[in-house]
Number of protein chains: 2
Amino acid sequence: MRTGSTAKRSPDVSPWPKPEQREINRALKREAVLLRAVEFFNEKGFHATSLDDVALSLNVTKPTIYHYFANKDEILFACVQRGLEEIGQAAQAAEQAGGNGLQRLRALLIDYAMMMSDGFGACVGRTPDHALSAESLSRIKALKRDTDAIVRRVIEAGMADGSIAVADVRLTTFTALGALNWISRWYDPAGPLSKREIAEHSVATLIGGLAARSDSNRRGE
Amino acid sequence: MRTGSTAKRSPDVSPWPKPEQREINRALKREAVLLRAVEFFNEKGFHATSLDDVALSLNVTKPTIYHYFANKDEILFACVQRGLEEIGQAAQAAEQAGGNGLQRLRALLIDYAMMMSDGFGACVGRTPDHALSAESLSRIKALKRDTDAIVRRVIEAGMADGSIAVADVRLTTFTALGALNWISRWYDPAGPLSKREIAEHSVATLIGGLAARSDSNRRGE
DNA sequence: TCACGATTATACTGGCGAGTAAACAACGTC
DNA sequence: GACGTTGTTTACTCGCCAGTATAATCGTGA
């Protein structure tokens, strides 16, 4: 596992490597561990994933992983945190986009659902509270509250502009995000539908509801 | 752990214990193991649950548990199977009830959501595929397909009688059940709402949708 | 070229937990 | 009362895995 090959450099004038190149390599290696670990976590679950197996798949040994991470819990935490950061950024972008509340909510939920299909986003959906240490869990919960807060603000904005009508914003947020979180559990990349098709349909179902829109199904019947 | 107390008998005439009483006691002990094990599985997850701890909480030792179950996987399988049986029976009852498709679907989903709040039903929602052995998983998937099939038939009946309108029955079933499955992940018995209140609201949200019913939000816009 | 820090590997500890062998206790039948 | 069966305990094996001590290798700077 000697790094025999030199990375092809950008057409930079200086022939000497920048002092920060080592930091970049270190970050790249750490990222490689995370990307591989999240695959294992998503497929086997946290407890059934051994760091020996993760290391083997990266052609290194386990102590190498411990060079970049303090312990196994930190690796899981980093994966879930990354997923929540991606989700949070997408949620913020959707909140700040144009359109009424419903349109922004629709875009937000579609992005959310797509992220639940694989990678770090799926890790968010697939990681139960008890897999994380108490300290990690409290930090993760804080991040989740941030995302929830954005979703609720968008729903409230939609209620204010008349495009959304729900009885309880908090429970509605749980219900909608629950449906999309579950995609992390059943989405199959080998299945007939793409993650976007699934996302769009699931969100359309949440927005439109199951009831046929007719006088016989008026709300509150 | 000696069984010092005699169970109070029904007012039966014969003073001799029935030969089947031992079978009944055996079944009661097996049930006690399941009821306790599912609490541990729901709280800690399958892998983080040790049978030593389960046994200790029942005031017996681990080999006693192995007297009633072949292995740990069989215990988890029995818990999930029990949950799916309860869900399946409720689904069948709802399918055969009166009312149009939407009314039957509403009753079915409320029962389903309530069962997701605790016990064996929550175990169904909280058990990822990779926690089960391959053989157990294939049997569990068969049971899940049965339940899914009932939900789809009720949706199809509702589409036929005009009370339900959805674009894709299969994806709609996944989305709706996903939302309710997620209740197993966040329901808190100490929270302000009862499981019935949460169930009724979540199902109302799924049925009614997030969009306000107005001309500006017509389906397909 | 050498020293030093960073990176990685070898070998290992310690603990946990699934599962079991053998022994003991309790129960039921003859 | 003896014996067989059932239920339970004690003591244990074995394997796995998180995590680490120490050594070796590599890369960089002087």
Side-chain angles (χ1 to χ4, degrees), chain A residues 1-7 9 14-33 36-37 40-41 44-78 131-133 136, chain B residues 1-7 14-33 36-37 40-41 44-77 131-133 136:
Chain A
M1 60 294 199
R2 294 167 179 271
T3 54
S5 63
T6 326
R9 300 189 183 292
S14 174
W16 289 279
K18 294 188 166 77
E20 63 269 23
Q21 186 60 42
R22 169 171 278 182
E23 285 301 312
I24 290 172
N25 282 339
R26 182 184 172 85
L28 283 174
K29 288 173 179 176
R30 188 178 191 276
E31 185 74 6
V33 172
R36 187 59 52 86
F40 275 85
F41 289 154
K44 296 168 177 283
F46 177 72
H47 288 285
T49 294
S50 82
L51 296 185
D52 269 313
D53 284 343
V54 177
L56 184 66
S57 76
L58 290 165
N59 293 324
V60 295
T61 57
K62 183 166 55 178
T64 299
I65 294 186
Y66 281 90
H67 182 70
Y68 297 98
F69 294 94
N71 53 45
K72 196 181 182 187
D73 174 74
E74 182 179 309
I75 300 172
L76 180 65
F77 172 78
L132 290 151
S133 70
S136 296
Chain B
M1 62 291 200
R2 294 165 180 269
T3 55
S5 63
T6 324
S14 173
W16 288 278
K18 294 185 164 77
E20 64 268 23
Q21 187 60 43
R22 170 171 278 185
E23 286 300 314
I24 290 171
N25 282 339
R26 182 182 172 85
L28 283 174
K29 288 175 180 177
R30 188 179 192 276
E31 186 73 7
V33 173
R36 187 59 52 89
F40 276 85
F41 290 154
K44 296 169 179 280
F46 176 73
H47 287 286
T49 293
S50 81
L51 296 185
D52 268 313
D53 284 344
V54 176
L56 184 65
S57 75
L58 290 165
N59 293 323
V60 296
T61 56
K62 183 166 56 176
T64 299
I65 294 185
Y66 282 89
H67 181 72
Y68 297 98
F69 294 94
N71 52 44
K72 196 181 182 186
D73 174 73
E74 181 179 309
I75 300 173
L76 179 64
F77 172 77
L132 290 150
S133 70
S136 295

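Sequence lines set the chain letters: A, B, ... in the order given, protein chains first and strands last, and positions in each chain run from 1.
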Starting from [atom2] on [N], measure out to [atom1] on [X] and report it in whole angstrom.
X: A:Phe69; N: C:dT8; atom1: CZ; atom2: P; result: 13 Å
X: B:His47; N: D:dA18; atom1: NE2; atom2: P; result: 12 Å
X: B:Arg30; N: D:dG7; atom1: CZ; atom2: P; result: 13 Å
X: A:Asn71; N: D:dT20; atom1: CG; atom2: P; result: 8 Å
X: A:Asp53; N: D:dA18; atom1: CG; atom2: C1'; result: 13 Å
X: A:Glu23; N: D:dG27; atom1: CD; atom2: P; result: 17 Å
X: B:Leu58; N: D:dT9; atom1: CG; atom2: C1'; result: 15 Å
X: A:Asp52; N: D:dC16; atom1: CG; atom2: C1'; result: 10 Å

*asked:* So A:Phe46 and B:His47, do their side chains get closer than 4.5 Å, heavy atoms only?
replied: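 Side-chain contact under 4.5 Å: no.
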*Determine whether B:Ile24 and B:Leu28 make a side-chain contact, defined as any pair of heavy atoms from C-beta on separated by less than 4.5 Å.*
yes
[X] side chain: which of [options] is closest?
X: B:Lys72; options: C:dA11, D:dT10, C:dA18; result: C:dA18
X: A:Leu51; options: C:dG19, D:dA18, D:dT10; result: D:dA18
X: B:Arg22; options: C:dC27, C:dA11, C:dG19; result: C:dC27
X: A:Tyr66; options: C:dA21, D:dT20, C:dT7; result: D:dT20
X: B:Lys29; options: C:dT8, D:dG19, D:dT8; result: D:dT8
X: A:Lys62; options: D:dT10, D:dA18, C:dA6; result: D:dA18

Hey, is the side chain of [X] poking within less than 4.0 Å of OP1 or OP2 on [N], counting only N and O atoms?
X: B:His67; N: D:dG7; result: yes
X: A:Tyr68; N: C:dT8; result: yes
X: A:Arg26; N: C:dT7; result: yes
X: B:Thr61; N: D:dT9; result: yes

Mark yes or no for whether [X], through its side chain, and [Y], through its backbone, hold a donor-acceptor pair below 3.5 Å.
X: B:Asp73; Y: B:Leu132; result: no
X: A:Lys62; Y: A:Asp53; result: no
X: A:Lys29; Y: A:Ile65; result: no
X: A:Thr49; Y: A:Gly45; result: yes

*Which part of the nucleic acid, if any, lies within reach of A:Ser50 when heavy atoms closer than 4.0 Å are counted: base, sugar-phosphate only, or nothing?*
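Touches sugar-phosphate only.
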*How do A:Ala48 and A:Ala70 order along DNA chain D: which one's closest nucleotide is nearer the 5' end?*
A:Ala48
*Can you list the stems that DNA chain C is part of, where a stem is at least 3 pairs in a row, each Watson-Crick or G-U, with both distances below 3.5 Å?*
C:1-30 with D:1-30
_As a quick check of understanding, evaluate side-chain hydrogen bond (donor to acceptor under 3.5 Å, both in side chains) for B:Arg26 and B:His67, giving each step before the final call._
CA-CA 10 Å; B:Arg26 182 182 172 85; B:His67 181 72; 3.3 Å; yes
*Partners passing side-chain hydrogen bond (donor to acceptor under 3.5 Å, both in side chains) against A:Arg36 (at least two apart in sequence or in another chain)*: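 side-chain hydrogen bond (donor to acceptor under 3.5 Å, both in side chains) check on A:Arg36 returns A:Ser57.
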